[in-house]
Amino acid sequence: MDVILEVKNISKSYEDITVFENLSLTVKKGEVVVIVGPSGCGKSTFLRCINALESIQDGEILLDGEAIDASSKELPRIREKIGMVFQSYDLFPHLTILQNLMLAPVKVKKTPKAEAEKEALSLLDRVGLLSKKDNFPRQLSGGQKQRVAIVRALMMHPEILLLDEITAALDPEMVREVLDVVLSLAKEGRTMVIVTHEMQFARAVADRMVFIDGGKIVEEGSAQEFFDDPKTERLRQFLNSFSYD
Amino acid sequence: MDPEVLRSYVPLYKEAFILTLETGWLGIAIAFAIGIVTAFIMHFRIPVLAKIASVYVELFRNTPLLVQLFFIYFALPKIGISIPARECGAIGLGLLGGSYMAEGIRSGLDAVGTLQEESALALGMSKRQMFMYVIFPEALSISVPGIVANVIFLLKETSVFSAISLMDLMFTAKDLIGLYYDTTEALVLLVVFYIIMLLPVSLLGSIVEKKARYRTLGV
Amino acid sequence: MGFEVLAKGNNALRLLSGLGVAMRISLISVAISIVVGIAIGVIVAGRHPAAFAVFRVYLEIVRIMPQLVLLFIVYFGTTKALGINLDAETASIIVFSFWGCAEMADLVRGALLGIPVIQYESAASLGMPPLMTYRYVIVPQILRRMIPLSINLITRMIKTTSLVMMIGIVEVLKVGQQIIEANRKSSPNAAFGIFATIFFLYFIACWPISRLAAYLEKKWEN
């Protein structure tokens with residue numbers, strides 16, 4: 001399989017606090033990588049570094065062999081290829097759902113309006129929100145908003161999707177509807193890097209699991225090995241913190 | 001600037017200051033009373049009265065104090081209602097302020113909403129107890145920043161009292177400028193006395209505003 | 001009741017043209033306030049400490065000084081201090097703009113700083129360059145917060161124009177006084193009719209505008 005994303009020995013620090021050092025990760029086309037770890041381990045920051053929302057101090061990030069550089073003029077063009085969905089509040093509140101979906105394709109990619117609309121409607125239909133197309137974000141539930149945010153990212157035909165704790169701000173009963181959408185994307189072979197706290201979901205969706213703790217990758221492996229046969233004590237403890245027996 | 005002139009003007013301003021302040025605070029007290037009553041009427045949608053209340057609020061929020069004062073002071077006597085200038089100033093300020101306070105307090109009452117009401121009822125409080133001990137205090141604390149802003153606004157509005165020949169700060173300044181042409185001294189004292197009147201309230205306002213915000217956040 | 005004086009001569013028309021003067025002063029001032037206020041707001045939102053300190057003092061002056069005091073200072077004070085004879089209408093526009101700019105700048109600053117960082121980030125992650133992000137994402141949100149409040153400012157300015165009679169501008173109240181004065185003998189009750197009419201005139205000038213502001217505010221709240 002072809003490599004899409006290559007993260008090579010990147011380091012990130014704020015003034016004198018090191019978030020992580022020397023992290024590397026390779027993602028192949030069609031692969032779903034799930035990153036887990038305790039709060040504050042740097043996993044979200046790591047994800048944000050991938051599309052240069054955070055700058056890095058060391059190392060390099062290559063997408064299709066092209067370097068992602070926060071200071072580059074080419075950054076918007078490269079970011080088109082990386083879809084990202086955040087924890088919450090990232091829909092544009094002054095635009096309807098349909099307008100939210102069409103803005104970037106029409107303005108950035110110069111997709112003809114009719115074409116963008118057709119695609120938006122079919123994607124909305126797929127996530128069960130076609131009837132909401134003319135509503136504003138404030139009229140939607142948290143789960144519905146997140147499904148729209150995923151669709152908005154898909155509208156740009158990204159080569160890779162980054163999902164940053166997209167269910168962390170949701171009520172429990174809404175988590176499922178959002179994760180079902182992500183599962184169906186995985187099934188159709190989307191490349192994704194996912195940061196989450198939902199272990200059941202991680203197990204179901206991941207081709208590969210990565211455990212980050214203290215700014216380092218402590219363990220990685222297939223979902224089955226990772227959950228059933230953790231190699232390190234730290235991962236075992238971490239996984240235990242999710243069970244009640 | 002002549003310090004001698006300043007010194008000789010100060011007693012005049014002091015007198016005017018006291019008059020402005022007394023009339024202003026009386027007006028604000030009236031405004032507060034009218035505001036609370038009107039807010040209750042509007043919040044509980046009492047038939048007929050609620051209609052009258054909203055006409056009152058719209059009418060007084062959308063006209064200048066000066067026009068209201070002229071109406072009360074010069075027009076009402078023509079239909080047999082004569083009110084002395086000072087009372088006129090206080091009543092005018094009270095009516096204007098009441099319409100602003102009503103809006104502020106009502107939105108506070110509306111904001112406290114049914115959730116609080118339900119939890120108070122669940123604690124076994126009567127409707128009346130619930131309103132007096134839960135809803136109203138909570139609504140007031142939400143309205144505090146608005147009320148303080150209104151108080152500042154109303155104290156500033158006192159500057160138009162001179163138009164109905166109340167010998168307030170503005171009147172004194174205008175009089176002195178007209179009589180002696182010591183414009184600089186007259187204006188400096190005018191500014192100084194308004195600072196004395198408003199800066200403490202404004203500073204207090206910033207503090208109260210922060211406190212109120214913490215309270216509503218439960219911090 | 002004294003309403004009959006309105007029918008005499010062109011009294012009604014004179015009152016209306018007096019209101020026109022008030023409207024002219026407030027509209028010019030609002031226009032200046034919007035343009036200059038936005039510029040100041042953007043500068044202050046840049047969080048430069050010195051700019052912010054100056055702005056705080058400016059805001060506090062506007063917050064605590066009655067507009068009438070400012071009118072007196074500009075109208076009487078400049079003549080004395082600078083030796084130039086400012087006409088009353090220019091003085092009013094200066095004072096109203098001084099006040100309006102502070103309010104607009106504070107609005108813009110608040111609106112700019114109130115937009116969550118995630119809005120910029122999600123636009124960026126959709127591949128939108130900064131200018132496009134401002135054009136389609138940030139500015140429309142700021143306008144939605146600002147427009148209702150700017151409309152509100154118009155009504156407050158219209159109301160405050162009633163003060164300019166105190167520095168001798170012949171606006172609606174002054175015209176009213178002149179009419180009452182001229183008809184003292186023939187219509188002793190003119191004060192009632194005239195002031196009731198002016199009360200009503202101000203109301204119909206301001207009320208629709210405040211309704212519009214309230215409507216837009218409700219429509220656009222997120």
Side-chain angles (χ1 to χ4, degrees), chain A residues 44 47-48 50-54 68 70 72-95 99-111 136-140 145 148-158 160-164 169, chain C residues 34 37-38 41-42 45-49 104 106-153 212-222:
Chain A
S44 276
L47 208 58
R48 291 163 57 82
I50 294 178
N51 68 351
L53 287 174
E54 305 276 350
I68 297 175
S72 158
K73 281 250 184 309
E74 295 291 297
L75 189 58
R77 192 179 54 75
I78 301 171
R79 273 178 174 157
E80 280 178 43
K81 302 186 193 170
I82 311 172
M84 181 148 185
V85 182
F86 300 85
Q87 208 179 84
S88 59
Y89 306 115
D90 59 334
L91 294 183
F92 305 133
H94 62 295
L95 301 177
Q99 289 166 337
N100 258 283
L101 300 182
M102 289 168 60
L103 180 67
V106 171
K107 299 298 174 195
V108 179
K109 283 200 143 164
K110 313 287 179 209
T111 310
F136 284 92
R138 65 170 181 278
Q139 297 164 309
L140 269 58
K145 280 190 246 190
V148 173
I150 294 170
V151 170
R152 189 176 64 178
L154 293 179
M155 288 290 292
M156 296 300 284
H157 305 155
I160 183 168
L161 264 183
L162 311 176
L163 308 183
D164 185 9
Chain C
I34 288 174
I38 287 176
V42 170
R47 297 175 197 263
H48 190 281
M104 285 308 296
D106 200 36
L107 278 181
V108 174
R109 187 187 72 91
L112 262 174
L113 298 181
I115 305 246
V117 181
I118 194 107
Q119 290 284 318
Y120 295 89
E121 291 182 347
S122 51
S125 63
L126 287 167
M128 295 171 73
L131 266 180
M132 195 185 275
T133 304
Y134 275 99
R135 164 81 178 75
Y136 294 107
V137 178
I138 307 303
V139 172
Q141 290 188 51
I142 289 175
L143 286 183
R144 259 151 228 257
R145 293 181 196 203
M146 268 175 46
I147 288 173
L149 295 161
S150 331
I151 296 176
N152 233 324
L153 186 63
L212 175 68
Y215 166 77
L216 290 178
E217 193 167 2
K218 204 173 168 78
K219 184 180 162 196
W220 284 338
E221 76 187 342
N222 293 309

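All chains are named by letter (A, B, ...) in the order of the sequence lines, taking the proteins before the strands, and each is independently numbered beginning at 1. For clarity, every value in this text was computed on a predicted model and none was experimentally measured.
Interface residue A:M156: only side-chain heavy atoms are found under 4.5 Å from chain C. Both the backbone and the side chain of C:P129 have a heavy atom closer than 4.5 Å to some heavy atom of chain A. Only the side chain of C:M132 comes within contact range of chain A, with at least one heavy atom under 4.5 Å from a heavy atom of that chain.
Using a 4.0 Å cut-off between charged side-chain N and carboxylate O, A:R48 and C:E121 make a salt bridge. Contact check on A:D90 versus A:R152 returns a salt bridge, with a Lys/Arg side-chain nitrogen under 4.0 Å from an Asp/Glu carboxylate oxygen. Using a cutoff of 4.0 Å between basic side-chain nitrogens and carboxylate oxygens, A:R77 and A:E80 are not scored as salt-bridged.
Residues C:L149 and C:L153 are not in side-chain contact: their nearest non-hydrogen atoms beyond the backbone lie 4.5 Å or more apart.
For the atom pair C:R135 CZ and A:K107 NZ, the distance stands at 6.5 Å (nearest 0.5 Å).
For the set A:L162, A:L103, A:L75, the entry with the most heavy-atom pairs within less than 4.5 Å of chain C is A:L103. Considering only heavy-atom pairs separated by less than 4.5 Å from chain C, the leading option among A:L95, A:L91, A:N51 is A:L91.
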